[in-house]
2 protein chains.
Amino acid sequence: MLERIPAYTDAMLDETGTLSDRVYRHLADRLIAGRFAPGDKLSLRAVSEALGLSIMPVREAVSRLAAEGALEVAPKKAVTVPLMRAAQFRDITQVRVEIEGFAAALACKTATPESLAEIEAREREFRELSEQPQADLAQAVAANQAFHFAVYRAAGSAELLAIIERLWLRVGPIINLDLRENPERLRLGGAVQAHRACLLAIREGRAEAAREAIASDIGGASAFILSRQRLLD
Amino acid sequence: MLERIPAYTDAMLDETGTLSDRVYRHLADRLIAGRFAPGDKLSLRAVSEALGLSIMPVREAVSRLAAEGALEVAPKKAVTVPLMRAAQFRDITQVRVEIEGFAAALACKTATPESLAEIEAREREFRELSEQPQADLAQAVAANQAFHFAVYRAAGSAELLAIIERLWLRVGPIINLDLRENPERLRLGGAVQAHRACLLAIREGRAEAAREAIASDIGGASAFILSRQRLLD
DNA sequence: TGCCGCAATCTGTGATCACAGTTAGCTTCC
DNA sequence: GGAAGCTAACTGTGATCACAGATTGCGGCA
């Protein structure tokens, strides 16, 4: 089961696609899973050495991630995981509420028995992980991601999915850093409740309720982060 | 005045940023402005020669555009401007309606006198161009883009703007190809009316009306393209 | 005359090298 | 002992070369 959760796979191991593609997926997965903290530096040469490659594929991968705002690269300076100002975080949150809420609403109309079963399985996994007193944080983050993307995939829009993936690439490091510093947020159960509400809404085809459930999930986490986390400003 | 319209500037000429950045903007501008048709091939070496550079900056720029779906690059095959299936075009249209509609609604609440004046100026330019019997198509497309982005900029969300730019990168070639083949669409005035309705809505702060105006603009053009254009399938 | 096949050319991918600007640590001087 | 300045290591950027697979067009054969 664990193998299916992105945080526990390494894109470098599957031998499909070019080296650049694999490095891109490798870094993207680690960013979404929060394995990098905002402000972290990484060097093309260091990464390429760690991966046993020349710097070319790393260069291309980093350049793509930079184009999507997932990394920042200033000429002749080290590549960094972006720091985010509070205003920027509020902006991206508002956009996520709109877009991910729309995807959830769409999923109500397009969900198939298969995708619904997938959503239910992910909901259960996340709930069970959250209820454990000593939850593995990395695992919980991955399970949360798995639930959300099960919903978004059910919407059946490749365009929407790609946009949402890019958004998660940017907020991944922040959400994860916050959860690491405030693990009690998991036990408060806000996310579990929102997921449950979302699941029920999709099961019953109530689009507006699904949108609100996702909005409250995202909004709740963001409000918490804005209150606790020292973002820039 | 014309210098302000992106289609008539060349990102290669401004000397800010790295060569890769400039090539990226150069190609992105040309894609949005529809200077490439779907299915067009381009070669790294040809582009780099035309620009008087080595292929490295072109490579990075193309790689970023490919990551955003604006170009397609299969290993050892020529880079191509993506062909789009009708289903894919419908998908991207639905997403544009939602996201660009949201941006317009947001603009109603965040517009300043300055941004409103900018929107009004762009609306007038596009209207006057459309009313000419022999409208320059490329100019009209650029003016349409200028109006839309004046609205989206007024929404004050950098995140939203970046997402919308990526969407236009993908639909640019298709919309432009269609207009070239069916120039009469411009004279039918659907776009002019929708723009006017959007402008009035923003001026009066009617968010829902602004959203509907943008939705009808996008939806109208897409319906026309789907009926006339031979997309794949 | 038409079709098959080979070869020259063109494709992106990856590695390596050179370079200039940045950073950080050490030395030296006060 | 502390701070300033210099140097050495490290940064991404760009160019060039080598390679293998795809494409294309020409020539020969039927």
Side-chain angles (χ1 to χ4, degrees), chain A residues 10-28 30-31 36-83 169, chain B residues 10-28 30-31 36-83 169:
Chain A
D10 189 335
M12 287 310 297
L13 296 180
D14 84 4
E15 311 211 346
T16 66
T18 67
L19 287 180
S20 295
D21 293 337
R22 283 152 66 185
V23 175
Y24 175 86
R25 282 259 42 106
H26 171 80
L27 292 176
R30 292 173 72 97
L31 277 166
F36 298 113
D40 276 6
K41 290 188 207 291
L42 46 159
S43 110
L44 298 185
R45 284 171 180 85
V47 173
S48 64
E49 254 175 65
L51 265 37
L53 307 168
S54 88
I55 74 170
M56 278 302 312
V58 179
R59 233 172 119 161
E60 270 201 32
V62 165
S63 151
R64 292 188 215 174
L65 289 164
E68 296 169 355
L71 290 176
E72 263 173 9
V73 32
K76 327 254 169 173
K77 295 211 265 193
V79 176
T80 63
V81 180
L83 294 168
L169 227 40
Chain B
D10 189 335
M12 288 308 297
L13 297 180
D14 84 3
E15 312 211 344
T16 66
T18 67
L19 286 181
S20 294
D21 293 338
R22 283 152 67 183
V23 175
Y24 174 86
R25 283 258 41 104
H26 171 80
L27 293 175
R30 292 173 71 98
L31 278 165
F36 299 113
D40 275 6
K41 290 188 210 287
L42 46 160
S43 111
L44 299 185
R45 284 170 180 85
V47 172
S48 64
E49 255 175 64
L51 266 37
L53 308 167
S54 88
I55 74 170
M56 278 301 313
V58 179
R59 232 173 120 160
E60 270 201 32
V62 165
S63 152
R64 293 188 213 173
L65 288 164
E68 296 169 355
L71 289 176
E72 265 173 6
V73 33
K76 327 256 171 172
K77 294 211 266 192
V79 176
T80 63
V81 180
L83 293 168
L169 228 40

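Lettering follows sequence order; numbering is per chain, from 1.
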For [X] and [N], give me the distance from atom [atom1] to atom [atom2], rounded to whole Å.
| X | N | atom1 | atom2 | value |
| --- | --- | --- | --- | --- |
| A/Leu53 | C/dT16 | CG | P | 11 Å |
| A/Lys76 | C/dA18 | NZ | P | 16 Å |
| A/Leu19 | C/dG12 | CG | P | 17 Å |
| B/Ile55 | C/dA15 | CD1 | C1' | 13 Å |
| A/Leu51 | C/dG14 | CG | P | 13 Å |
| B/Arg64 | D/dG12 | CZ | P | 14 Å |
| B/Leu44 | D/dA15 | CG | P | 13 Å |
| B/Glu49 | D/dT16 | CD | P | 12 Å |

Between [atom1] on residue [X] and [atom2] on residue [Y], distance to nearest 0.5 Å:
| X | Y | atom1 | atom2 | value |
| --- | --- | --- | --- | --- |
| A/Asp40 | A/Leu31 | CG | CG | 9.5 Å |
| A/Leu71 | A/Leu169 | CG | CG | 8.0 Å |
| A/Leu27 | A/Leu42 | CG | CG | 7.0 Å |

Closest nucleotide of DNA chain D for B/Lys41 versus for B/Ser54: which of these residues is on the 5' side?
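The residue closer to the strand's 5' end, by nearest nucleotide, is B/Ser54.
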Which residue lies more 5' along DNA chain D, comparing A/Met56 with A/Pro75 via nearest heavy atoms
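First, find each residue's nearest nucleotide; the 5'-ward one identifies A/Pro75.
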Name the closest nucleotide to the B/Arg45 side chain, picking from C/dA18, D/dC19, D/dA15.
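Given the options C/dA18, D/dC19, D/dA15, the side chain of B/Arg45 is closest to D/dC19.
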Of all the choices, D/dA20, D/dT13, C/dT23, which nucleotide is nearest to the side chain of A/Lys77 once you look at every atom?
C/dT23
C/dT11 OP1/OP2 closer than 4.0 Å to side-chain N/O of B/Ser43
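Checking B/Ser43 against C/dT11: at least one side-chain N or O falls below 4.0 Å of OP1 or OP2.
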Respond yes when some side-chain nitrogen or oxygen of B/Ser20 is under 4.0 Å from OP1 or OP2 of D/dT13, and no when none is.
no
Results of side-chain contact (heavy atoms from CB on, under 4.5 Å) for A/Ser20 - residues two or more places apart only:
A/Thr18, A/Pro57, A/Glu60, A/Arg64
What residues form a side-chain contact (heavy atoms from CB on, under 4.5 Å) with B/Pro38, not counting sequence neighbours?
B/Leu83, B/Pro173, B/Ile174, B/Leu177
For A/Val79, which contact category applies under a 4.0 Å heavy-atom criterion: base, sugar-phosphate, or nothing?
sugar-phosphate
With heavy atoms under 4.0 Å as the rule, sort A/Val73 into base, sugar-phosphate or nothing.
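It contacts sugar-phosphate atoms only.
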Side-chain donor/acceptor of B/Arg59 to base of C/dG14, under 3.5 Å
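Pair found.
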More 5' along DNA chain C: B/Ala78 or A/Gly17, using each one's nearest nucleotide?
B/Ala78
